[in-house]
Structure formats: C-alpha cells, structure tokens
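Below, chain A is the first sequence line, B the second, and so on; all start at residue 1. Note: hydrogens, waters and symmetry copies are ignored here, and every other heavy atom, side chains too, is used.
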Number of protein chains: 2
Amino acid sequence: METRELRFFVAVAEELHFGRAAQRLGMAQPPLSRAIRQLERRLGTTLFDRDSHRVALTAAGAVLLDEGRAALDAVEAAERRTRRAGSAEPGRPGLVLAVKAGASTDLLAKLLDAYAAEPGAVAVEVILCGPGQQETILRDGRADVALLHRPFDAAAGFDTEELLTEDQVAVLPAGHPLTANDQLSLADLDDLPDLPRPRWPHPDGSYPEGPGPEVRDHTQLLQLIGLGRTLTIAPDSCRSQLREDTVAVPLRDAPRVTTVIAWPPHSRSRPVADLIRTATRL
Amino acid sequence: METRELRFFVAVAEELHFGRAAQRLGMAQPPLSRAIRQLERRLGTTLFDRDSHRVALTAAGAVLLDEGRAALDAVEAAERRTRRAGSAEPGRPGLVLAVKAGASTDLLAKLLDAYAAEPGAVAVEVILCGPGQQETILRDGRADVALLHRPFDAAAGFDTEELLTEDQVAVLPAGHPLTANDQLSLADLDDLPDLPRPRWPHPDGSYPEGPGPEVRDHTQLLQLIGLGRTLTIAPDSCRSQLREDTVAVPLRDAPRVTTVIAWPPHSRSRPVADLIRTATRL
DNA sequence: CGGCACGATACCGTACGGGTATCGCCACGT
DNA sequence: ACGTGGCGATACCCGTACGGTATCGTGCCG
C-alpha cells in the first residue's frame, strides 16, 4: 500500500464525500474514485458502502482509518526527523522537546541546564503547545521528546520515565470568597456560576460548547483568572508563576499529577538517550 | 514520502550495496540508484556516503532507517488488519492473539474460555511464536493482541495490562545432581559444562554462537532437557506442562516474571477491548 | 597497467496516475 | 409525474515518471 493511497482513503473517510475529499486533496473526483476502487480491489475488501447519495465506512474501513492514520503519522515522523537530522549544522536544533505551555517551568529549566552541561549536548528547541497536543507532535515527528502529565495526557505508545509527582491546587482570582479556605475539594469548584471552567480548543481548533471563556494559552488563562472570569486546576509547582491577582489553594481530593518524560519507543539516537538520562537523574 | 521509496531505502541501508539491494527488490540497479538520489533531493539531505567501493549510512540515514522501519511496519499492519477485518465471515478468525509457544498455557486456556463466554465474542486465532517474536508480530499487524513476559519481552510502544506475576524455576533433567537441592540460585546455573544454555534463533533465523543446542520451540527444548543436554529457566506455571524426565527447582534470586496482555495503543476495535476486559477480570 | 567491481549517467518504452466529458441513479421539488 | 440537481462511476485521453538496457567513470586489486 502506498502512502498516496492511504492519504486518499483518509480524506474520503473523513469527509464521507468523494467530491469534497478530492477538492481537499487538490485533484479531480474521478481519479479519486478510481484510486479508492483500486485500493479496495487490492485489499480484497470494500471500504465504503456507497450509493449515489450516501457514503459510509464499512467495518474494514473503520479499521483502516485508525491504522492508516497511525501509519501516516509514522511516515511523516520519519520524514521530519530525517530532515532534522540532516540539516544538523551545529547551532541548529538537534533535539525538539514538546511541553505544555506554562507547565513545569522550573523542572524544565533545571532539565535544560543540566542537559546543556552534559558532554555531547546538542541545541534543544522547546515547543510550547496546548494541552493534549504533545502526543500528536511527538507522534508525527515534530518533536523528539515530550513532558507529559499523567493521568491527563495519554502516554499510549511511548516509552516514559517518571520525573516528579505533585499535588494539585486550585488557581483562583485573588479576593474570591473561596480563597478564604486553606483547603478545597473538587466538588467546591463544580458549577460555580461566577467562575465557569475555561474551554480549551480541540486539536482541530474548534471549541467545545459551554459557558466558560475560550483560552489558547496559559498567559491568557492567568489573565482571565486575575480578572475574576474563570479558575483552573494545576500542579503545585505552578505557584512560582502566579501573578499577584491570583491565588493558589490546595485541593484535598484532586488526583496527584505525575510529570513524565516520553519518547517514541524506537529512538536510538544519542541526544535523546542523553536527555532522558539527564532527566531521570534530576 | 511514498512507501515504495522507503522500501528501497531500507533495502539499500540493510545491504549497504546497491546491486544486492536491487536484486532483493527484484529490480535493476540503475532505477534504484536514481530513486535514492531523488529521495535525498526531496529530503534535502544525503542519506549515504558512497564512492564506487563503499556505501555507508550518514547520521540522517541512520535516523531514517530506524523511523522508516517503524513506519513500514505501521503501514503493513494497517494493510493486514484491514484485510482481516474485511474477510470477517463468521467463523474466520476475528482476532489474532500472539503467545510465546509453551508459556502460560493454563492462563491462556482460562482466558480463551472466559472470552468465548462473553456476549459478542468472535473467533480467536492463537499464534504460537518463538521468544521475542510477539513484538514483531504485533507491530506488523499479523496479531492484534499478545501475551508478553516482563521484563524479558519489550512492551515498548504498546498499551499493557498486568495479568499475573510469578516466581521462576529452573527446569532440569530428572536425576541431575542439582535436582537434589530444594532451591537454587542463578549463579548455580552458570557455566555448567554438562548443561549449556539452549540457543534460540534471532528474528532473522540465524543462531548465536555458543556450546548449547539450537532449539526452535518448547517441545524440542523439553525433550533436550529430558535427554540431559540443556536446562532452562521458566515461570513457575510451567510445572503443569513438564514431562516425567524433567524436574523444576525454585530459584532464589531470579527476577519475578509478569505476564501482561499488550495491544497497539490505537486499537479501538470492539473485540480487542472485550478480550482485554476479560483478561483483566481473570 | 589491465581487469574488475560498483555506482552514476544516458536513453528509451510503457504503464499508470490524473484531467475532461459524460453517464446513470436516486432524492427531491412543484 | 416529470424535470432538475447532486453525486459517484465510466470512458477516453494525455503526460510523466518509473523501470529496463546499455554504457561510462572510478578506484581497488593482482
């Protein structure tokens, strides 16, 4: 199976419409139809149930959509990482690390310092990304290593090492009545009319429905908290980054959060191994 | 990047010889050379250092070899699993489970029985494979689920659930002097001139060097132990399968072995989820 | 210094991927 | 009921890029 065919298939499977899929692929509809038919012939299976007015995935098609996306990610990762390894003049980033923007700043600083002191250290580029995007970025090769937060980020498919386990705190506007408590429970934070939970974008950029404000990054989030418009739950170590107009209150019953360093299981590269070793020794 | 190019690249990278690689690919050498050059141009990187008498991987080439193999496995897996899902007439195997031949027989039997009793259970095909092959088979899509033994099998890149942890025993020929002990240590089994360790084949089918007998499966192994030609270390549960001419002796200091059920992290399929749920409830 | 092993280059034919035009089918509207 | 429009399939054409054969250039070996 060629990646071109897989890309065709995924486009049709996502659009469930040959015309739109062809448009997305920048081609005409007939060759697309033909390519899919040919793919079906070669696989010996029909992938779509279609008449002139409905296109639907068969069971086999659903399997290929899952597996095919993973395969395309793997190919894309191979391509990107090779490109990066190729253009490795000293000074250009030899290693890309994905972290959730605003999280674990002190741990991150310690890690980068310690690694830079290692013999054979290469330049590290840090990608700051929204919650839940590190997995994607690590999977498709834009990053080589990531810092994830269990149990919130899925580390499925990666090798990991635990670095740090912390309690969580509620981050609230300074002066809010709840800040009078020296401890809170998760239930206290549910359904507060004045402090609805913020809404983070999905991977596709769309926002879920709800009353809370839409946020894109942690700076924005902290500003909104300071303005008394929302609240958030964060690892204890976030205290060091709080502004004067926000307050952290320990949570009695929030799950403890573990920061782990994650990497694709076949990374045999020297810099990745060095960085991981450095991290585990912190 | 197309999978065809990746296959070309991997062939050359493994042979380090354009002529032989072309032969392996069933094509002539010139188009292969050209395809590699073109791949290098598109990636903007040289992948091989070559003159007329030596071909060697560059750093970028080494990266692409690792990542490319993984990507090809993923594509192959997508293809195989789709084919399997497509030809799913009731009766044909809907689920393939890879287990190390001869290991965990009783656990396996319980699992298969329990799963068969589930509503919505599909036919399960069991693949018996040599040690260390389950990962490959699971990765390239010939199996959907595998039973692995930690810490011996690498579960890197898969999701896992622990099922059972056991101590290990030494399996020896009946009547051998060592069987007089009611406990042994690993050191007692090293460098026994009369009982050299068996040699298992590598994934490519070749055998490592050494004095021990070459074995392909556990039946053969047990027979050779019975004949007093070798010994092995195995989980406690293997006792139920021993022959009369072999004896198990507990090991004081062998690492405990954990049987885990493993699956590719993106399996969203109903039968896989059912089987895993069944396994964790045993 | 001649022979050889090997990768690169040159050149050619063909098969396949993509485009345009058109058909066939079904749902819907009036 | 019939016309219309939307959509996937089919028919046909064309360009390109992939693979094959022949040959070259080069460095190693005897």
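- Candidate nucleotides D/dC7, D/dG19, D/dA22 were compared by shortest atom distance to the side chain of A/His17, and D/dC7 ranks first.
- Atoms CG and CZ, on B/Leu43 and A/Arg80 in that order, are 12.5 Å from each other to the nearest 0.5 Å.
- Nearest-nucleotide positions on DNA chain C for A/His53 and B/Val55 put B/Val55 closer to the 5' end.
- Contact between the side-chain N/O atoms of A/Arg50 and the OP1/OP2 oxygens of C/dC26 is not found at any separation under 4.0 Å.
- For B/Arg54 and C/dG7, the CZ to P distance is 12 Å, given to the nearest whole Å.
- The CG atom of B/Leu39 lies 11.0 Å from the CD atom of B/Glu2; values are rounded to the nearest 0.5 Å.
- Rounded to an integer number of Å, the gap from A/Gln29 CD to C/dC23 P is 15 Å.
- One atom, CZ of A/Arg7, and another, C1' of C/dG17, lie 15 Å apart when rounded to the nearest Å.
- Each of A/Arg34 and A/Asp51 was assigned the nucleotide of DNA chain C with the nearest heavy atom; the assignment lying further toward the 5' end belongs to A/Arg34.
- Taking atom CE on A/Met27 and atom P on D/dT16, their separation rounds to 17 Å, with Å as the unit.
- Here the two rings, on B/Phe48 and B/Phe9, have centers that are under 6.0 Å apart.
- Between the side chains of A/Arg7 and A/Thr3, a donor-acceptor pair is found at a separation under 3.5 Å.
- Side-chain contact check for B/Glu161 versus B/Trp263: some heavy-atom pair is nearer than 4.5 Å.
- As rounded to whole Å, 14 Å separates atom C1' of C/dC6 from atom CG of B/Leu16.
- At the heavy-atom level, A/Glu2 lies nowhere under 4.0 Å from the strands shown.
- In this structure, CZ of B/Arg4 is placed 11 Å from P of C/dG17, rounded to the nearest angstrom.
- Atom CZ of A/Phe48 and atom P of D/dC7 are 16 Å apart (whole Å).
- A sub-4.0 Å separation between OP1 or OP2 of D/dA17 and a side-chain N or O of B/Gln38 is absent.
- Of the listed nucleotides (C/dA21, D/dG19, C/dG19), C/dG19 has the atom at the smallest distance from the side chain of A/Ala28.
- Rounded to an integer number of Å, the gap from A/Glu15 CD to D/dC7 P is 12 Å.
- Phosphate contact (OP1/OP2 of C/dG7, side-chain N/O of B/Arg37, threshold under 4.0 Å): absent.
- Side chain of A/Pro31, nearest nucleotide from C/dG19, D/dG8, C/dC26: C/dG19.
- The side chain of A/Ser33 lies closest to D/dA9 when the candidates are D/dA9, C/dT20, C/dG7.
- Closest to the A/Phe8 side chain, of the nucleotides C/dG18, D/dG19, D/dC7, is C/dG18.
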